[in-house]
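These notes are about the structure you will find just below.
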Amino acid sequence: MSRLMADDLELCVGDAILALRSVLDRDWHLKARHSRWTCWEVLEHVADDLFSYAGQVLAPSPPLKGYVPFVYEAQRRGGPPVTIRSDPKQGNQGLLDVFGTCGAMLCTAVRSSSPDRRGWHPYGVSDPDGFAAMGTVETAVHLHDVSKALAFAWSPPPDLLRRALDRLFPRAPKDHDPWQTLLWATGRGELPGREALETWRWDSSVPEP
């Protein structure tokens with residue numbers, strides 16, 4: 001299923017880029033929703049996740065007890081620790097280019113890797129499909145946080161969200177809209193008959209056959 005999951009990630013990142021292009025002239029240093037970080041920092045965080053997931057998939061000796069040891073650090077107290085940063089002098093478009101490039105790296109890594117590859121993640125050792133699904137969820141929910149601060153429309157395609165939910169949140173309810181379900185599963189929304197989540201995590205381990 002690796003090609004399908006990579007296609008989902010590519011579509012999600014592509015849609016995110018289109019949405020962000022509509023607000024290139026706005027201040028991306030506003031605080032994002034559901035975050036202590038600015039919109040700029042949130043997008044650097046997502047780009048960094050996509051990059052690091054690609055590293056976990058492509059490492060010559062797949063790490064099963066930690067991330068590939070790239071140096072990563074926060075640029076300010078309370079900011080996100082990252083390896084990948086965008087040159088501030090290049091403005092919002094430069095950050096968008098970095099984000100898109102990191103997304104393409106993970107898509108290429110997933111498509112070029114055997115389904116038998118494994119890489120470490122704190123929520124469970126995963127395979128290429130799992131890292132693609134994680135990249136899709138990171139992109140979808142953090143773009144939600146940014147969209148609320150910068151006031152642009154954002155709602156990813158339901159089919160790809162359902163596949164990401166089935167992979168990473170297998171116990172999530174299946175009788176609601178996938179987008180609302182994902183927001184609920186990541187502590188960002190409510191579902192009828194369900195308590196709001198104060199803490200959450202996905203399961204990135206490889207499902208039993």
Side-chain angles (χ1 to χ4, degrees), residues 3-55 57 72 74-76 79-112 131-165 168 177-183 185-189:
R3 182 57 188 261
L4 181 58
M5 287 293 194
D7 288 350
D8 285 346
L9 174 62
E10 184 174 60
L11 178 58
C12 191
V13 170
D15 283 356
I17 289 171
L18 288 176
L20 288 165
R21 280 179 182 159
S22 71
V23 291
L24 278 175
D25 60 340
R26 298 184 190 170
D27 181 5
W28 288 12
H29 295 282
L30 297 174
K31 185 178 178 182
R33 181 77 65 89
H34 305 291
S35 181
R36 297 173 293 126
W37 305 335
T38 67
C39 295
W40 178 285
E41 289 173 331
V42 167
L43 293 171
E44 278 193 332
H45 162 75
V46 178
D48 192 73
D49 278 343
L50 298 173
F51 170 83
S52 67
Y53 293 166
V57 172
Y72 78 119
Q75 298 304 303
R76 66 171 182 87
V82 293
T83 299
I84 297 299
R85 297 185 63 226
S86 179
D87 181 357
K89 295 179 182 178
Q90 300 302 314
N92 294 345
Q93 182 61 57
L95 176 53
L96 199 57
D97 291 342
V98 169
F99 168 61
T101 300
C102 291
M105 290 171 64
L106 179 54
C107 289
T108 300
V110 171
R111 288 174 175 143
S112 65
F131 283 105
M134 286 185 271
T136 296
V137 168
E138 290 279 2
T139 300
V141 300
H142 283 305
L143 258 290
H144 168 77
D145 302 340
V146 170
S147 73
K148 293 303 181 183
L150 298 180
F152 63 87
W154 172 246
S155 180
D159 288 350
L160 69 84
L161 295 176
R162 172 51 59 195
R163 283 187 286 272
L165 281 164
L168 299 177
D177 173 72
W179 185 216
Q180 297 306 313
T181 302
L182 181 60
L183 293 177
T186 55
R188 291 169 168 82

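These numbers come from a predicted model, not from an experiment.
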Using every non-hydrogen atom in the two residues, find where Gly135 and Leu50 come nearest and quote the distance to one decimal. CA-CD2, 3.7 Å
All heavy atoms of Ala132 vs all of Ala6, minimum pair found to be CB-N, 4.2 Å
Out of curiosity, Asp7 CG to Cys12 SG, how far, rounded to the nearest 0.5 Å? 12.5 Å
If you measure from NE2 on His142 to OG on Ser147, what distance do you get to the nearest 0.5 Å? 12.5 Å
Where Ala164 and Val137 come nearest, the two heavy atoms and their spacing: CB-CG2, 3.9 Å
Shortest non-hydrogen separation from Leu4 to Arg163 and the atoms involved: CD2-CD, 3.6 Å
Any residue meeting side-chain hydrogen bond (donor to acceptor under 3.5 Å, both in side chains) with Arg33, in chain and number order, not counting sequence neighbours: none
Checking Val110 against Leu9 for the side-chain contact (heavy atoms from CB on, under 4.5 Å) test, could you report, in this order, the C-alpha distance in whole Å, the side-chain angles of both residues, the deciding distance, and whether it holds? CA-CA 10 Å; Val110 171; Leu9 174 62; 5.6 Å; no
Any donor-acceptor N/O pair, Ser35 side chain to Ala32 backbone, under 3.5 Å: no
Contacts of Ala19 that satisfy side-chain contact (heavy atoms from CB on, under 4.5 Å) - sequence neighbours left out: Phe152, Trp154
Listed partners of Gln90 passing side-chain contact (heavy atoms from CB on, under 4.5 Å), at least two apart: Asp87
Once rounded to the nearest 0.5 Å, what's the spacing between atom CD1 of Ile17 and atom OG of Ser22? 12.5 Å
List, one per line, each side-chain donor-acceptor pair under 3.5 Å for residues 97-105, sequence neighbours excluded.
from: Asp97; atom 1: OD1; to: Gln93; atom 2: NE2; distance (Å): 2.9
from: Thr101; atom 1: OG1; to: Asp97; atom 2: O; distance (Å): 2.8

Leu183 side, atom CG; Thr186 side, atom OG1 - distance, nearest 0.5 Å: 5.5 Å
Checking His144 now: which residues fulfil ring pair (Phe, Tyr, Trp, His ring centres under 6.0 Å) with it, not counting sequence neighbours? His34, Trp179
Who are the side-chain contact (heavy atoms from CB on, under 4.5 Å) partners of Pro81, not counting sequence neighbours? Tyr72
Quick one: side-chain hydrogen bond (donor to acceptor under 3.5 Å, both in side chains) partners of Glu10, sequence neighbours excluded? Arg111
Checking side-chain contact (heavy atoms from CB on, under 4.5 Å) between Phe51 and each of Thr83, Val82, Val46, which is the one that passes? Thr83
Only counting residues at least two apart or in another chain, list the ones meeting ring pair (Phe, Tyr, Trp, His ring centres under 6.0 Å) with Trp28. none
Hey, could you give me each pair passing salt bridge (charged side-chain N to carboxylate O under 4.0 Å, His left out) that has a residue in residues 18-27? Not counting sequence neighbours. none
Can you tell me which residue pairs pass the salt bridge (charged side-chain N to carboxylate O under 4.0 Å, His left out) test with a partner in residues 138-161, sequence neighbours excluded? Asp145-Arg188
Is Asn92 reaching over with its side chain to a backbone N or O of Leu24, donor-acceptor style, under 3.5 angstrom? yes
Pairs satisfying salt bridge (charged side-chain N to carboxylate O under 4.0 Å, His left out), at least one member in residues 37-48, at least two apart: Glu41-Arg76
What pair of heavy atoms forms the shortest contact from Leu11 to Pro157, and how long is it? CD2-CG, 3.8 Å
For Thr136 and Val13, run side-chain contact (heavy atoms from CB on, under 4.5 Å): C-alpha distance rounded to whole Å, both residues' side-chain angles, the deciding distance at 0.1 Å, then the answer. CA-CA 8 Å; Thr136 296; Val13 170; over 6 Å; no
One pair to check against side-chain contact (heavy atoms from CB on, under 4.5 Å): Leu43 and Leu143. What are the steps and the verdict? CA-CA 8 Å; Leu43 293 171; Leu143 258 290; 4.0 Å; yes
Any idea which heavy atoms bring Ala140 and Pro156 closest together, and the distance? CB-CG, 4.0 Å
So, Thr38 side chain and His29 main chain: donor-acceptor pair closer than 3.5 Å or not? no
Could you measure the distance from the CE atom of Met5 to the CG atom of Leu106? Nearest 0.5 Å is fine. 12.0 Å
Could you measure the distance from the CH2 atom of Trp40 to the CZ atom of Arg85? Nearest 0.5 Å is fine. 9.0 Å
In chain order, what residues pass the ring pair (Phe, Tyr, Trp, His ring centres under 6.0 Å) check against Tyr53, with sequence neighbours excluded? His121, Phe131
